[in-house]
Enquirer: 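The structure is given below, and queries will be raised subsequently.
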2 protein chains.
Amino acid sequence: MTMPTIDELNLLHANICQALGDPKRIQILYALFESPLHVTALADTLITPQPTISRHLRILRQRGLVTPHRDGAAVVYYLADERMIHILDSMRGVLRDSLARQSSMMA
Amino acid sequence: MTMPTIDELNLLHANICQALGDPKRIQILYALFESPLHVTALADTLITPQPTISRHLRILRQRGLVTPHRDGAAVVYYLADERMIHILDSMRGVLRDSLARQSSMMA
DNA sequence: AGTATGTATTCGGATAAGCGAATACATGAA
DNA sequence: TTCATGTATTCGCTTATCCGAATACATACT
């Protein structure tokens, strides 16, 4: 277990952020926060083709954001770490304030 | 000031995450957290061509993550909201734990 | 005006990300 | 094994992102 260098950590960090940089994937994380779901259920919930969901899940899985568990023929996906949702919520707070700042600029 | 819909908010959120999804831009944010800098100073600090820095700054500016202030011929950039750094630090915490989990899997 | 310094943008080309459609793979039941 | 269901991957294509190099734009000073 070699410690990552600062630059390597930066890269991993950027990779995680990049994984979060797609509306569908954010939707997926919030959906899994409410409850673990298998792929088809996710596809139905988000009204999105199953292959598309699978591709997004692979990205999230590779970055360690979700965790798959086999359940017979199905695969149930879990949020890997609920703290990530709190982080996303914090970001929304900052985002809202940012929007508010811009609005007040208009006045 | 019309309230954004859920989907619009998701898109804005994703856009912010996407802006964070580049190692150089993360470096920039951390550098500006230590102290506001003008473009050339940033370029020197990060050992990166000035046009590259300017392009990254535009992305961060458009997403409301940094704020420019003119100072004569120079433009000093400020971190728009220090909470974003705390959020990034939180993400690093989650990232470290994720790496630790993967390491223990190997054992 | 002209010059120097600092910042932003454009252009061209390489790389990566996204999606729909089709298909391959995995599991469980008959 | 065969079929049905569920999941993952591949293919072809379009769009977006990134960088270096060159260049345009902005400000201050003489």
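All values derive from a computational prediction rather than experimental measurement. Numbers restart at 1 for each chain; the letters A, B, ... are given by sequence-line order, proteins then strands.
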Enquirer: Tell me whether the OP1 or OP2 atom of D/dG20 has a side-chain N or O from B/T52 closer than 4.0 Å.
Expert: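 Yes.
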
Enquirer: Count the heavy atoms of every other residue, nucleotide or ligand shown that sit under 6.0 Å from CD of A/E82, and state whether that count exceeds 12.
Expert: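 Open.
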
Enquirer: Any donor and acceptor pair, going by atom type alone, linking the side chain of B/S98 with main-chain N or O of B/R96 inside 3.5 Å?
Expert: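 No; judged by distance alone, with no hydrogens or angles, the pair does not exist.
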
Enquirer: Would you say B/H56 reaches D/dC18's phosphate, i.e. side-chain N/O to OP1/OP2 under 4.0 Å?
Expert: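 The answer is no; no side-chain N or O of B/H56 sits under 4.0 Å from OP1 or OP2.
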
Enquirer: CD1/A/I47 to CD1/A/I53 distance, rounded to the nearest 0.5 angstrom?
Expert: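 One finds 10.5 Å between CD1 of A/I47 and CD1 of A/I53.
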
Enquirer: Side chain of B/R25, backbone of B/I28: donor and acceptor closer than 3.5 Å?
Expert: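 Checked: no pair found.
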
Enquirer: Using a heavy-atom distance cut-off of less than 4.0 Å, which residues of residues 20-41 of chain A contact DNA chain D?
Expert: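 Within residues 20-41 of chain A, the residues near DNA chain D are A/H38, A/V39, A/T40.
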
Enquirer: Taking 5' to 3' order, which nucleotide of DNA chain C is first and which is last to have an atom within less than 4.0 Å of a heavy atom in chain A?
Expert: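 The contacted stretch runs from C/dA17 to C/dG28.
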
Enquirer: Which pairs with one or both residues in residues 49-81 of chain B pass ring pair (Phe, Tyr, Trp, His ring centres under 6.0 Å), sequence neighbours excluded?
Expert: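 Output for this query lists B/H69-B/Y78.
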
Enquirer: Is A/R63 reaching over with its side chain to a backbone N or O of A/L65, donor-acceptor style, under 3.5 angstrom?
Expert: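 Judged by distance alone, no pair lies under 3.5 Å.
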
Enquirer: Could you pull out the closest heavy-atom pair between A/A31 and A/L42, with the gap in Å?
Expert: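 The pair with the smallest heavy-atom distance is CB-CD2, 4.0 Å.
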
Enquirer: Atom CD of B/Q62 and atom C1' of D/dA16: how far apart are they, to the nearest Å?
Expert: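 So the two atoms are 14 Å apart, to the nearest Å.
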
Enquirer: Could you check how far CD1 of B/I59 sits from P of D/dA16, rounded to whole Å?
Expert: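 After rounding, the gap between these two atoms is 13 Å.
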
Enquirer: Applying side chain to side chain donor-acceptor pair (under 3.5 Å) as the test, list every pair that has at least one member in residues 7-16 of chain A; sequence neighbours left out.
Expert: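 For residues 7-16 of chain A, and leaving out neighbouring residues, the side chain to side chain donor-acceptor pair (under 3.5 Å) pairs sorted by first residue read A/N10-B/R92, A/H13-B/R92.
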
Enquirer: Within residues 66-77 of chain A, which residues have any heavy atom lying less than 4.0 Å from an atom of DNA chain D?
Expert: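 Those residues are A/A73, A/A74, A/V75, A/Y77.
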
Enquirer: For residues 34-47 of chain A, which residue pairs pass the side chain to side chain donor-acceptor pair (under 3.5 Å) check, not counting sequence neighbours?
Expert: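 Listed once each, the pairs would be none.
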
Enquirer: Does a side-chain N-to-carboxylate-O contact under 4.0 Å join A/D81 and A/R83?
Expert: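 A salt bridge is present here (some side-chain N lies under 4.0 Å from a carboxylate O).
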
